[in-house]
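Let me begin by presenting the structure, written as structure tokens, before commenting on it.
The figures that follow rest on heavy atoms only: side chains count, while hydrogens, waters and symmetry mates do not. Computed from a predicted structure; not experimentally measured.
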Amino acid sequence: MVYITMPTELGTIYQKQEIEDIRRVCTDYGLPLYIDGARLGYGLMSDACDFDLPWLCTQCDALYIGGTKVGALCGEAVVFPRGNAPKCFFTIIKRHGALLAKGRLAGVQFEALFTDNLYMKIARHAILMAHRLRDILAEAGLPFFIDSPTNQQFVIMPNDRMHRLESHVLFTHWEPCDADHTVCRFVTSWATTEADMNQLAELLSRY
């Protein structure tokens, strides 16, 4: 099986041509293509994305649509686009102790998310907040580690500044850059507000 993540852990996304090329290789070698969509909404709503969900479903054999990162209480939706689930799929899940009792309660969340385009709307909100986040980080003089078009933004921060900020803001210490700097990840979501962004800008001006 070929397994790709859309968007990636670094907030980057595959282009349509890249996925078509991967699909072609999978077809040539008889390999299923699986797409990890934990942050799928944020990838699809990025300005850099040149395809939509129906098209993506034509290219893969299975994918999952992340729920918890886009406002669901729990659960992710595994999708077999052509009704091509493996034989006895639910039995396999159950025998591995992973079948959720009363699973319809998780399903109700996705019914809500995919009613009136809610899933895409709240994902787009996070992207717009990420645009604001990017401006704030740039204005604070922080260089970017990678050019991410999604809701994850990575900056290189001096360690002393990072330690002053971390007691006020929740972000990820991604990896050391050198002895004095760390790559830090800031993430927006469906729940990020303008007030959050204004507070971050104010804190960065102080620390």
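- In this structure, the side chains of L31 and M1 stay at 4.5 Å or more apart for every pair of heavy atoms.
- In terms of hydrophobic clustering, with Ile, Leu, Val, Met, Phe, Trp and Tyr side chains grouped at heavy-atom distances under 4.5 Å, I35 and L10 are assigned to different clusters.
- A single hydrophobic cluster is not seen to contain both M197 and M45; linkage of ILVMFWY side chains at heavy-atom distances under 4.5 Å, directly or through other members, places them apart.
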**OP:** Take E202 and R206, measure what salt bridge (charged side-chain N to carboxylate O under 4.0 Å, His left out) needs, and give me the verdict at the end.
**Re:** CA-CA 7 Å; E202 195 274 331; R206 288 164 44 196; 3.1 Å; yes

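- Using a 4.0 Å cut-off between charged side-chain N and carboxylate O, K121 and D116 make no salt bridge.
- When all heavy atoms are compared, the tightest approach of R39 to P7 is O-CD, 3.0 Å.
- Annotation for V70 and Y42: closest pair CA-OH, 3.8 Å, computed over non-hydrogen atoms.
- Minimum interatomic distance between D178 and H181 (heavy atoms only, all atoms of both residues): OD1-N, 2.8 Å.
- The ring-ring contact (aromatic ring centres under 6.0 Å, His included) test with F186 singles out one residue from F154, F171, W174, and that residue is F171.
- Side-chain contact check for L33 versus I22: some heavy-atom pair is nearer than 4.5 Å.
- R161 has no carboxylate O lying under 4.0 Å from a charged side-chain N of D180, or vice versa, which leaves the two without a salt bridge.
- With no hydrogens or angles considered, a side-chain donor-acceptor pair links R185 and Q152 at under 3.5 Å.
- With a 4.5 Å cut-off on side-chain heavy atoms, T91 and R95 count as touching.
- A 4.5 Å side-chain heavy-atom check between C177 and T182 finds every atom pair outside the cut-off.
- Residues I13 and G43 approach most closely at CG2-CA, 4.1 Å, considering heavy atoms.
- In this view, F90 satisfies the ring-ring contact (aromatic ring centres under 6.0 Å, His included) rule with no residue, not counting sequence neighbours.
- Contact annotation: the side chain of V183 approaches that of E175 to within less than 4.5 Å [non-hydrogen atoms, C-beta and beyond].
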**OP:** Please lay out, stage by stage, how L53 and L63 fare under the test side chain to side chain contact (heavy atoms under 4.5 Å, CB included).
**Re:** CA-CA 11 Å; L53 181 56; L63 75 157; 4.2 Å; yes

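- Salt bridge absent: E76 and K69 never bring a charged side-chain N and a carboxylate O closer than 4.0 Å.
- When all heavy atoms are compared, the tightest approach of A77 to F110 is N-CZ, 3.5 Å.
- Using a 4.5 Å heavy-atom cutoff, the side chains of V155 and F145 are not in contact.
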**OP:** Give the C-alpha distance, both sets of side-chain angles, the deciding distance and a yes or no for side chain to side chain contact (heavy atoms under 4.5 Å, CB included) between R132 and N198.
**Re:** CA-CA 10 Å; R132 172 83 172 113; N198 293 337; 3.2 Å; yes

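- Salt-bridge check for D47 with R124: passed, with a basic side-chain N closer than 4.0 Å to an acidic carboxylate O.
- Applying the salt bridge (Lys or Arg N to Asp or Glu O under 4.0 Å) definition to pairs two or more places apart or across chains, those involving residues 140-153 are R134-D147.
- Smallest separation of non-hydrogen atoms from D61 and P32: OD2-CA, 3.2 Å.
- Evaluation of the salt bridge (charged side-chain N to carboxylate O under 4.0 Å, His left out) rule for D36 yields no partner, not counting sequence neighbours.
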